[in-house]
Amino acid sequence: MEKYLRKCLDSLIVSDENMQLLEVLVINDGSKDSSSQIAHEYEAKYPQTFRVIDKENGNYGSCINRGLKEATGKFVKVLDADDYYVKDIFNSFISFLSQTDVDLIINDFNIVDEKGEVIDEYTFNLPIDRNFTLADIPERMTELLWHQGITYKTDILHKINYKQTEGISYTDDEWTFMPMVAVRSVVYFPQIVYHYLLGREGQTFDPEVMMSSFDKRIKVGMSMVKFYACVKGNCPNDSNHFMTEKLKRRIMVIYNFYLTKHYTTEGNRLLKSFDQFVKKQSDYIYQLIGQDRDKFGRKNYICVWREAQYKNTVYLFLRQVKFKVRMLLGKKFRNLSMPVDLKRK
């Protein structure tokens, strides 16, 4: 991440007053480039704010786990090394946090390219200037709350003994899902705090990388389903409803990607195993994602696939062809898109 790290760390340099409130833990995950050297420069210049933790490579989840173990602040937010904050807004965000006492803070964020040009803007139609609960978040919005828009009170993560899966990518899905079991109060910060870089070569959301990492996505999906099965019925209704919607929409992305966008025989085999795991762990989720028809009356492709004994049907084949035609016409693959009716005008 040496190419991106200075821009990332520069975005954390805020006013002197707020630098006293901010703790930056730079987790160096066994990098072989100059990332550690760069990070230590910032630690030397801002010793009261920056702290570098050099560790052996353990992938994304191990960085989160180590950071949580070391964190001393009231709130915790994840910033990936190739992303950055909007400095002036982040400074206001720190001031906002210093006067806030809730379990979850939601902020707006942008998706940007390598040049910093905005590809998409994620702004949320949520209550402003008052606290609310997970029940006030629209169902369709649950899938759009990525880690870029989330800040947790540190105590709730310790309360549930939160541990992220180590050794693989895509575990940020766990970060936006599992802690919700302990969230009781929410507030919205209606400004774009975070710039999320999309399009970097080798990025986990590159379709080619996703294809080669199918087993890792399945493993994360299994972790989420297993957690849901353990806590369902033992948490408040608003947490339960939020987590149900989040899980349903998150794992349906996996089915959609590997059944209709990038179908392979091996992928189908792994997805079949995953589908049977879901049924065993939570028949409720299994039935929910495989309903006969969607709300528009269209045949559910997951249901079609199951009824065909996990075989690629003509219906699925036509969906795959439709996607490939769209690609040939120049429409870029987007794992998710922002529904217009959720944008704050």
Side-chain angles (χ1 to χ4, degrees), residues 137-146 170 173-174 176-177 180 205 207 210-211 213-229 232-233 240-327 329 331-342:
I137 300 175
E139 290 181 354
R140 292 179 63 195
M141 195 181 289
T142 60
E143 173 57 18
L144 305 171
L145 292 178
W146 303 351
Y170 304 107
D173 282 346
E174 297 175 338
T176 62
F177 173 70
M180 297 298 175
F205 279 95
M210 290 174 73
M211 280 294 293
S213 305
F214 188 27
D215 59 329
K216 299 178 179 62
R217 299 207 73 193
I218 290 292
K219 186 173 182 179
V220 172
M222 292 172 70
S223 170
M224 294 169 68
V225 171
K226 188 174 182 179
F227 181 85
Y228 175 83
K232 187 179 186 297
N240 183 66
H241 183 72
F242 180 96
M243 294 177 70
T244 299
E245 284 297 318
K246 180 75 172 179
L247 180 60
K248 178 189 75 173
R249 294 172 184 276
R250 189 67 245 161
I251 64 175
M252 283 191 72
V253 170
I254 298 175
Y255 284 87
N256 187 42
F257 185 89
Y258 293 103
L259 280 180
T260 70
K261 290 181 170 60
H262 296 278
Y263 180 88
T264 65
T265 301
E266 175 62 12
N268 187 75
R269 184 188 68 79
L270 290 172
L271 193 60
K272 173 185 174 181
S273 177
F274 175 64
D275 192 60
Q276 293 171 338
F277 176 86
V278 173
K279 184 176 183 179
K280 181 178 180 181
Q281 291 291 321
S282 175
D283 189 65
Y284 178 71
I285 291 293
Y286 177 84
Q287 298 296 336
L288 196 62
I289 65 176
Q291 296 179 49
D292 183 58
R293 301 274 175 177
D294 64 19
K295 64 179 181 180
F296 300 108
R298 298 173 301 195
K299 192 71 173 178
N300 184 314
Y301 64 91
I302 299 174
C303 181
V304 171
W305 177 62
R306 288 171 178 170
E307 289 177 348
Q309 301 297 308
Y310 301 110
K311 295 178 181 177
N312 196 22
T313 65
V314 172
Y315 178 77
L316 288 175
F317 177 74
L318 290 175
R319 288 197 61 156
Q320 294 157 14
V321 170
K322 180 180 178 181
F323 174 75
K324 290 178 180 178
V325 169
R326 289 178 61 197
M327 291 288 286
L329 291 176
K331 293 185 177 181
K332 295 181 180 179
F333 168 78
R334 298 271 298 283
N335 189 42
L336 294 170
S337 59
M338 181 65 170
V340 175
D341 62 340
L342 291 183

| field | Test item: Tyr263 side-chain N/O and Asn268 main-chain N/O as donor-acceptor pair under 3.5 Å | value | no
**OP:** Determine yes or no for a side-chain-to-main-chain donor-acceptor pair under 3.5 angstrom, with Thr260 supplying the side chain and Asn256 the backbone.
**Re:** yes
Interatomic distance, OG1@Thr264 vs CZ@Phe214, rounded to 0.5 Å, equals 7.0 Å
Contacts satisfying salt bridge (Lys or Arg N to Asp or Glu O under 4.0 Å) that involve residues 270-291 (not counting sequence neighbours) are Asp275-Arg306
Minimal heavy-atom distance between Cys303 and Gly290, with the atoms involved, is CB-O, 3.5 Å
Check: Lys246 side chain, Leu145 main-chain N or O, donor-acceptor pair, under 3.5 Å: yes
TODO: Please test Arg269 against Glu266 for side chain to side chain contact (heavy atoms under 4.5 Å, CB included), starting from the C-alpha separation and ending with a verdict.
DONE: CA-CA 5 Å; Arg269 184 188 68 79; Glu266 175 62 12; 2.6 Å; yes
**Q.** Worked verdict on Ile251 versus Met224 for side chain to side chain contact (heavy atoms under 4.5 Å, CB included)
**A.** CA-CA 9 Å; Ile251 64 175; Met224 294 169 68; 5.5 Å; no
Heavy-atom nearest pair, Asn312 first then Phe317, reads OD1-N, 4.0 Å
Distance col, row Leu316:CG vs Trp305:CH2, nearest 0.5 angstrom, shows 9.5 Å
Side chain Gln291, main chain Leu288, donor-acceptor under 3.5 Å
yes
Distance col, row Tyr170:OH vs Lys219:NZ, nearest 0.5 angstrom, shows 14.5 Å
Contacts of Thr244 meeting side chain to side chain donor-acceptor pair (under 3.5 Å) (sequence neighbours excluded), chain-then-number -> Tyr228
Output for pair (Leu271 CG, Phe257 CZ), nearest 0.5 Å, gives 12.0 Å
Applying salt bridge (charged side-chain N to carboxylate O under 4.0 Å, His left out) to Glu139 and not counting sequence neighbours gives none
Taken in chain and number order and not counting sequence neighbours, the residues that satisfy side chain to side chain donor-acceptor pair (under 3.5 Å) with Glu174 are Thr165, Ser223
Residue set satisfying ring-ring contact (aromatic ring centres under 6.0 Å, His included) with Tyr315, at least two apart, ordered chain then number -> none
By side chain to side chain donor-acceptor pair (under 3.5 Å), Gln276 pairs with (sequence neighbours left out) none
The reported gap from CE in Met222 to OG in Ser273 (rounded to nearest 0.5 angstrom) is 6.5 Å
Met252 and Tyr301 have their tightest heavy-atom pair at O-OH, 3.5 Å
Those residues at least two apart in sequence (or on a different chain) that pass side chain to side chain donor-acceptor pair (under 3.5 Å) with Arg249 are Glu245
The reported gap from CD in Gln320 to CG in Leu259 (rounded to nearest 0.5 angstrom) is 7.5 Å
Legend entry - Side chain Asn300, main chain Ile289, donor-acceptor under 3.5 Å: yes
Hey, can you tell me if Phe274 and Tyr255 have their rings parallel, tilted or perpendicular (30° and 60° cut-offs)?
tilted
